[in-house]
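This report refers to the structure that appears directly beneath it.
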Amino acid sequence: MSSSVNPTSNKPTTNFFVEVMILVGRNLRKILRVPQLAFFSLVQPVLFLTLFSQVFRGLASSPGFPRGINYIDYLLPSIVISTVAQNAVQSAVGIATDLNTGMIDRFRSLPITRGSVLFARSISDFLRSGFQVLVMLALGYAVFGFRFHGGFLGAIGMVGLSMAFAWALTWIFLAFGVQTKNPETAQVAGFMVIFPLMFASSSYVPVETLPGWLQAIAQVNPLSYLVDATRALVLGWDLSPDLAQAAIAIAAVAAAGMFLTFRAWRYIGRPKSAGRAKRPRGVPASAD
Amino acid sequence: MSHAITATAVTQDFGNVHALRGVDLEIAAGTVYALLGHNGAGKTSLVNILTTLAPPASGHAAVAGFDVVRNPKQVRSKIGLTGQFAAVDADLTGRENIHMIGRLLGLSARQSRDGAAELLARFSLTEAGDRRAGTYSGGMRRRLDLAASLVGKPEVLFLDEPTTGLDPSARLELWEVIEHLVDGGATVLLTTQYLEEADRLAHRIGVMNEGLMVAEGTAAELKSKVGGHVVQVGFATDSEFSDALRALEREGLAADFPNRTINVPAHGASDVAPIVRLLDDAGIGISGLELREPTLDDVYFALTSAPSHLDQAR
Ligand SMILES: Nc1ncnc2c1ncn2[C@@H]1O[C@H](COP(=O)(O)OP(=O)(O)O)[C@@H](O)[C@H]1O
Ligand SMILES: [Mg+2]
């Protein structure tokens, strides 16, 4: 075939890793450049930590509360997991926005690896969550008297688990975003899922005090497992069931999220994708 | 002789909407081809298939020698796409936009930076190059979009309605840019709703309507389909206009009728007198008369309007 009119033989190629790096750079640059985004990324953890720690402070004087524990050491892991979960909704918004503005079509018309756009989004949002986790820990230390009681490994483990969960959750919300293709819908839908899960969990009250049906939800709620494990890591408690359960929860969330995301992604641009308006046969094209 | 783009019996369905109903296409390398059609004709559906964004429901298509379904990645490495809606990142600067695409195409950081600088200059965006694309005007955004699709030096370039929504001066600027693309030897497929645009930019034109290619050829060939000339008769009143329409219809003279004028396909000056005599005999006054070359509008109207629009006018 000699149709080459711009003869650049041996076209350069990229690889998955390089593509993801480029796209992560792009996403982060956008976050830093849009003042509202950068501002809220910083304000959100501060607000959450302050608000939740003060609102639920009374928990420490409730009968079921473990003795000899500073309330903030007990609550901070919950607040971190809640914040990370809320933040994951932004993945849905980000990918839906890119789908809406045509950026995704542009990326899909390039000879890049399938999935690099999605991985890049999950990583940039994971980095943002990581930043927020660090902000909350620093603030907790400086202002609220938060301390790790599980040693250095406990601290590393707590941060690591929270971040791994953040990354896993982005995939669930990428699926939302790819499916809805609409930032507003994705945001509302994501929030409606996350908000109940934040409270139908072991985050803010002992699960045993919840009504039966909420207990049932809390039992299968990955947030519960993450809160239990990170709390145990912070307080230096026995980790035997919690850590393994949290790891399984993270793996399950990531696997389910990736499956749903890639399934929805396969149908991007494919005309027979679900949810498209069907028109009656023979209705002429709109000409405006 | 090689074809940069071929399509055979390509169809596309959206539920019950048959967006493409069997399109054949052959575009020679190094030429500009215009797909001309109203909104909903199926232009974007075809571009999406050729650029591997959507697989066809049936049929085959190849770009730069590679099948769009079996070898999408090879196709993508040969093409540039400027979609119907400018796909530039509003939060990045113009330079960053081009640079990012260059990097994703595998250019080194340096190649990509040089490419961005060169393209910004070529599209008169150097000054705005370090501003966020969100601050650009519509015309600048389109130029940036086009620049970003060129950074990989594509063999085949797709431009889906590149000038839709632009003001006349921005459109003219973009036309000049597009004209120079061909100088570089690339193959260009552009879609448009504007006849002057196709006439001005394209070597060959395909007219699409309701998912079908209804005519194809050079501008001159398409014009000749209407008979070579058009007698355009204008009327001062609506009643004269409709009387004339009926009178001409009785004589079997097919006619278009935009804005109280009737366009009668003709073969030359000798056809003017009979038309005037006919109307005069019927006692219908005319306000204007012109024998002119057919425009693509005439072609388009003749080809894409329902078989007998005179019937509908009754
Ligand atoms: N995603 C879609 N879902 C349903 N119908 C669609 C979709 N995309 C296009 N169509 C329909 O297919 C037909 C062709 O559309 P399109 O290819 O966009 O035409 P054009 O680009 O010429 O305006 C139209 O009737 C349009 O409404
Ligand atoms: Mg279109």
Side-chain angles (χ1 to χ4, degrees), chain A residues 1-8 10-15 18-23 25-27 29-34 37 97-98 100-114 116-117 120 267-273 276-288, chain B residues 2-4 12-17 19 29-30 38-42 45 48 51-55 57 64-65 73-74 76-81 83-92 96 100-101 103-108 111 132 148-149 152-156 158 184-187 210-211:
Chain A
M1 178 92 204
S2 60
S3 72
S4 179
V5 283
N6 273 317
T8 35
N10 298 328
K11 277 233 178 188
T13 50
T14 56
N15 60 52
V18 171
E19 291 156 13
V20 169
M21 292 268 286
I22 295 167
L23 291 166
R26 173 234 176 200
N27 294 346
R29 189 167 284 181
K30 281 169 75 79
I31 294 174
L32 292 177
R33 195 159 293 172
V34 184
L37 271 184
T97 304
D98 278 349
N100 242 0
T101 54
M103 276 319 280
I104 296 291
D105 277 351
R106 159 141 272 158
F107 291 142
R108 286 177 67 241
S109 76
L110 299 174
I112 60 177
T113 318
R114 188 191 309 241
S116 51
V117 173
Y267 291 101
I268 294 269
R270 237 168 246 250
K272 282 179 187 130
S273 102
R276 283 244 156 89
K278 300 214 162 161
R279 285 157 214 233
R281 178 176 287 265
V283 168
S286 64
D288 56 324
Chain B
S2 62
H3 290 116
Q12 185 66 292
D13 301 315
F14 296 99
N16 285 328
V17 177
H38 282 311
N39 240 342
S45 300
N48 284 349
T51 53
T52 76
L53 295 182
K73 196 154 179 176
Q74 281 90 332
R76 289 175 199 150
S77 71
K78 301 282 186 188
I79 63 170
L81 167 65
Q84 187 164 353
F85 305 100
V88 297
D89 194 323
D91 299 323
L92 300 185
E96 287 167 343
M100 172 178 68
I101 301 298
R103 296 283 284 133
L104 287 172
L105 283 164
L107 301 182
S108 71
Q111 281 174 319
R132 282 175 43 187
S149 6
K153 300 201 190 329
E155 286 180 23
V156 184
F158 294 87
T187 307
E210 305 206 336

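Just so it is clear: chains get the letters A, B, ... in the order the sequence lines come, proteins before strands, and each one is counted from 1.
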Derivation and outcome, side-chain contact (heavy atoms from CB on, under 4.5 Å), residues D105(A) and T51(B): CA-CA 10 Å; D105(A) 277 351; T51(B) 53; over 6 Å; no
Donor-acceptor pair between R106(A) and S149(B) side chains, under 3.5 angstrom: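 Yes, because at least one side-chain N or O of R106(A) sits under 3.5 Å from a partner of the opposite role on S149(B).
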Donor on one side chain, acceptor on other, T113(A) and E19(A), under 3.5 Å: yes
Beyond-backbone contact of M103(A) with R26(A), side-chain heavy atoms, under 4.5 angstrom: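 In short, these two side chains touch, coming nearer than 4.5 Å.
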Non-hydrogen side-chain atoms of D91(B) and R132(B) separated by less than 4.5 Å: yes
Atom group of I22(A) that falls short of 4.5 Å from chain B, counting heavy atoms: side chain
Heavy-atom contact with chain B under 4.5 Å, split by part of R29(A):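 Contact with chain B involves the side chain of R29(A) alone.
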Residue part contacting chain A, namely of E96(B), when any heavy atom lies under 4.5 Å: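 Looking at E96(B), just its side chain touches chain A.
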Option in L81(B), L92(B), D89(B) with maximal non-hydrogen atom pairs under 4.5 Å from chain A: D89(B)
Residue selection (most heavy-atom pairs with chain A, distance under 4.5 Å) from G83(B), A90(B), A148(B): A148(B)
Top contributor to chain B interface from G102(A), S109(A), G25(A) [non-hydrogen pairs under 4.5 Å]: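 Ranked by heavy-atom pairs under 4.5 Å with chain B, first place is S109(A).
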